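Fair warning: this is a prediction, and the values are worked out from it, not measured in the lab. Below, read A as the first sequence line, B as the second, and so on, with proteins coming before strands; counting in each chain starts at 1.
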Amino acid sequence: MTFTDLSIDQDMVDALAAKGIVEPFPIQTQTIPLALSGQDIIGQAKTGTGKTLGFGLPIAQRIGVDPSPGVKVLVVVPTRELCVQVAEDLEVATSNRATKVVSIYGGKAYEGQVEQLKAGAQIVVGTPGRLLDLAGQRLLNLKEVQEVVLDEADKMLDLGFLSDIEKIFQQVPATRHTMLFSATMPGPIVALARRFMTRPIHIRATDPDEGLTQANIKHVVYRAHSLDKDEVIARILQAEGRGKTVIFTRTKRAAAKLVEELNDRGFNAAAVHGDLNQEQRERAMAAFKAGKKDILIATDVAARGIDVNDVTHVINHTVPDDHDTYLHRAGRTGRAGKTGIAVTFVDWADMHKWALINRALDMGQPEPVETYSSSPHLFTDLDIPAGTKGRLRSAPKAAVEGGAAAPRERNPGSRGRSRTRDDDGGRSSGRPAAAPATPEADGAATPAGDSGGEGGAPRRRSRNRRRRPAGDSPSQA
DNA sequence: AAAAAAG
């Protein structure tokens, strides 16, 4: 199967091939033909399996190569960073044709964006606030839009965004082509979505037996009741074979604190959250993508859609709010057929929250089970260097920090280690270290369950399943 | 309740 087989125009096939993207993912083979024919689609596929091109190629193709000015395509996304990324992906796909892509988002000067609109861009990717802002000022005309896509659609139809989305739909023509994409589509959201669509077809590019999470992500849960999480995270970050790592915190403040803490210890971390200005946010993302920083500490602003190569670890410093957020966070790794590890710390306050997530995703009983745990089904061991495990597992803060208690070899203590890192600092940042700690090697508790995200979905256990997307080469998500 | 999204 090729993109040509899917009737994608040769110039876009060539543009993708130049980036090494030659074989379509399942969500692409399933949605592209229908999307090209104008069918409204709710497209659901797991994280990192090519949704962006799934909608990007057909919408670009449907408006044709006519370079005459006017916005014909509108893609709406929930965060500024995702806006930049999706625009870049569409630019790549359309690089051999005359149509132009512009990203419209807040925190930035109006100037450049308005100029590109005036220059006649046909494809707009934007966040709701700035889109409505410019539309209100008559600087953005949505009256000729033919194609509307909500990326991360369940988020866009969430309470925080819904009224903005309604306003946007009021401004685009009633006769249009509408598509919604996300890895998660709760039933109530699907019902709501129909208000904005015409006889949509719901496509799930997942095997019903396969469950919600990516088979190539290993999920690891860690009891953090009496641990100094920063200390433990620092140790995990020293593990061999780690590539890039994304650490999620619940609050902006926690992210700011952790980035400082880790950099003090000699790590090469950047932070992204809403308390930073847009320039700082973009600089952090660019440094992380380029490998100049190999650790990204983020709030949920980076939970969805962000596609960075060679992220081998996701660490949940704090348990996310719900199972969909867990899925999106974990999905920053294990993309495009690669493997990854998602580590979650659960402390007393988060026990209930974690239990709900665990149940919803049917994570089952992670392996291997810790026998000492009072809730054995919730916790598993951690892939960190031998010799540190036993201590890290349950050591109280004092013991972990005390020099005598610290495991010898592999943990010279964070200060000592930081010098080591500094020495090879240039290398360690740039290189995606060897292999991740082989998530495929042992019992990844691959959840089962059906119909992505729908609350009361049947649960089934299907462990150790390993299914890769048909094509390994595409790198889009 | 937090985060995000206009300024």
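- Atom CD in A:Q278 sits roughly 14 Å away from atom C1' in B:dG7 (whole-Å rounding).
- If you measure from atom CG of A:L139 to atom P of B:dG7, you get 13 Å, rounded to the nearest angstrom.
- Taking the ring axis of A:F161 as reference, the NZ or CZ atom of A:K155 does not stay both within 45° of it and closer than 6.0 Å to the ring centre.
- When the nucleotides B:dA6, B:dA3, B:dA2 are ranked by their closest atom to the side chain of A:K155, B:dA3 comes out on top.
- Between B:dG7, B:dA2, B:dA4, one nucleotide has an atom nearer to the side chain of A:D133 than all others, and that is B:dG7.
- Look at CG on A:L159: it is 14 Å from P on B:dA1, rounded to the nearest Å.
- Straight-line distance from the OH atom of A:Y326 to the P atom of B:dA2: 24 Å, rounded to whole Å.
- The side chain of A:T299 contributes an N or O atom lying less than 4.0 Å from OP1 or OP2 of B:dA4.
- Computed from coordinates, the A:D158 CG to B:dA5 P distance equals 14 Å when rounded to whole Å.
- Annotation: A:R138, atom CZ; neighbour count of heavy atoms from other residues, nucleotides and ligands within 6.0 Å does not exceed 12.
- Dashed line: the shortest gap from a side-chain N or O of A:R281 to OP1 or OP2 of B:dA5 is under 4.0 Å.
- Base contact: A:D321 has a heavy atom under 4.0 Å from a base atom.
- Here A:G160 lies in heavy-atom contact (under 4.0 Å) with a base.
- For the pair A:R176 and A:F196, the cation-pi criterion (under 6.0 Å, within 45° of the ring axis) is not fulfilled.
- Between A:T333 and A:H313 there is no side-chain heavy-atom pair separated by less than 4.5 Å.
- At a threshold of 4.0 angstrom between heavy atoms, the contacts of A:Y110 are confined to the sugar-phosphate backbone, with no base atom among them.
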Which donor-acceptor pairs under 3.5 Å do side chains of residues 101-108 of chain A form with protein atoms, sequence neighbours excluded?
residue : atom : partner : partner atom : Å
A:Y105  : OH   : A:K108  : NZ           : 3.4
A:Y105  : OH   : A:E282  : OE2          : 2.9

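- Rounded to a whole Å, the NE2 atom of A:H328 is 22 Å from the P atom of B:dA2.
- One atom, CD of A:E152, and another, C1' of B:dA5, lie 15 Å apart when rounded to the nearest Å.
- Of the side-chain N and O atoms in A:T127, none sit less than 4.0 angstrom from OP1 or OP2 of B:dA4.
- The CZ atom of A:R253 sits 10 Å away from the P atom of B:dA3 (whole-angstrom rounding).
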